Amino acid sequence: MVDPFGLDCHRGRIQAQGDGLEKSVSWNSATPPTSKEGLSMLDKLTESLTKGERKARQEAIDKAKKWIINAGKNGGADAPVSKTFLIKGTKDVRIDIEIITGKAFI
């Protein structure tokens, strides 16, 4: 779906946050990202983390992967979505998926 003003309509991001960390991978496109592209974005984000940051968030990363795969099996997810995968026992260590406009993970 393309905006009549020529702006991209499918926008969002996957973030690693908490314990002083804030890293993200975003998309902004005329077509919705596929679930395969979503998994690639999550992998790119994971690879940008240090070994310790990755280890602390591994459970949340695994849950985010499953969520992206399930969204793909169900035709994608429509905006707005703000999904948080919080690590139990922490106040803010997490992986977030936000679909700001349009659709994702088709």
Side-chain angles (χ1 to χ4, degrees):
M1 165 168 76
V2 176
D3 175 295
F5 302 104
L7 302 173
D8 294 331
C9 288
H10 302 280
R11 208 165 42 93
R13 62 186 169 184
I14 303 173
Q15 302 176 90
Q17 295 197 72
D19 199 24
L21 178 70
E22 188 171 332
K23 291 185 180 180
S24 69
V25 173
S26 61
W27 68 89
N28 185 8
S29 61
T31 59
T34 64
S35 58
K36 184 177 179 181
E37 291 168 328
L39 292 172
S40 292
M41 286 185 263
L42 181 59
D43 287 343
K44 182 178 176 182
L45 175 63
T46 302
E47 290 167 8
S48 76
L49 303 176
T50 67
K51 192 174 186 178
E53 291 166 345
R54 190 176 315 126
K55 185 177 179 182
R57 291 164 180 79
Q58 191 59 56
E59 180 185 331
I61 292 165
D62 294 342
K63 287 180 180 181
K65 282 182 184 180
K66 287 178 186 175
W67 190 87
I68 291 169
I69 290 166
N70 286 336
K73 289 178 180 178
N74 291 297
D78 294 308
V81 169
S82 182
K83 186 74 179 160
T84 296
F85 303 94
L86 181 67
I87 297 298
K88 291 176 186 171
T90 71
K91 65 177 186 163
D92 64 353
V93 176
R94 66 191 189 271
I95 297 292
D96 292 335
I97 297 175
E98 291 182 299
I99 304 170
I100 300 165
T101 59
K103 192 171 188 131
F105 315 135
I106 56 169

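It should be emphasised that the depicted structure is a prediction, and the values quoted were computed from it without experimental measurement. The first residue of the sequence shown is numbered 1, and numbering continues consecutively from there.
Across all non-hydrogen atoms, the minimal contact from Gln15 to Leu45 is C-CD2, 3.6 Å. Between Ser35 and Gly72, the closest heavy-atom pair is CB-CA, 3.9 Å. Here the closest non-hydrogen pair linking Gly75 and Lys103 is O-CE, 2.8 Å. Between Phe85 and Lys63, the shortest heavy-atom contact is CD2-CB, 3.6 Å. For the pair Asp92 and Asp19, the tightest heavy-atom approach, listed with the atom from each and the gap, is OD1-N, 3.2 Å. In terms of heavy atoms, Ile14 sits closest to Leu42 at CG2-CD1, 3.8 Å.
In terms of modelled atom types and a separation under 3.5 Å, the side chain of Lys23 and the main chain of Ser48 share a donor-acceptor contact. A donor-acceptor pair under 3.5 Å is formed between the side chain of Arg54 and the backbone N or O of Leu49.
Atoms SG and CD1, on Cys9 and Ile100 in that order, are 13.0 Å from each other to the nearest 0.5 Å. Lys55 NZ to Thr50 OG1: the interatomic distance, rounded to the nearest 0.5 Å, is 11.5 Å. Atom-to-atom distance recorded for Ile61:CD1 and Ile87:CD1 is 8.0 Å, nearest 0.5 angstrom. Here the CD1-CZ distance, from Ile95 to Arg57, works out to 6.5 Å after rounding to the nearest 0.5 Å. The CZ atom of Phe105 sits 11.5 Å away from atom CD1 of Ile69, with the distance rounded to the nearest 0.5 Å. A distance of 9.5 Å separates CD in Glu22 from CG in Asp96, rounded to the nearest 0.5 Å.
Under a hydrophobic clustering in which Ile, Leu, Val, Met, Phe, Trp and Tyr are joined whenever their side-chain heavy atoms come within less than 4.5 Å, directly or via other members, Ile97 and Val93 fall into different clusters. Under the 4.5 Å side-chain contact rule for hydrophobic residues, Met41 and Ile106 do not share a cluster.
Around the NZ atom of Lys66, the shell of radius 6.0 Å holds no more than 12 heavy atoms that belong to other residues, nucleotides or ligands.
Side-chain atoms of Ile99 and Trp27, non-hydrogen and from C-beta on, do get closer than 4.5 Å to each other.
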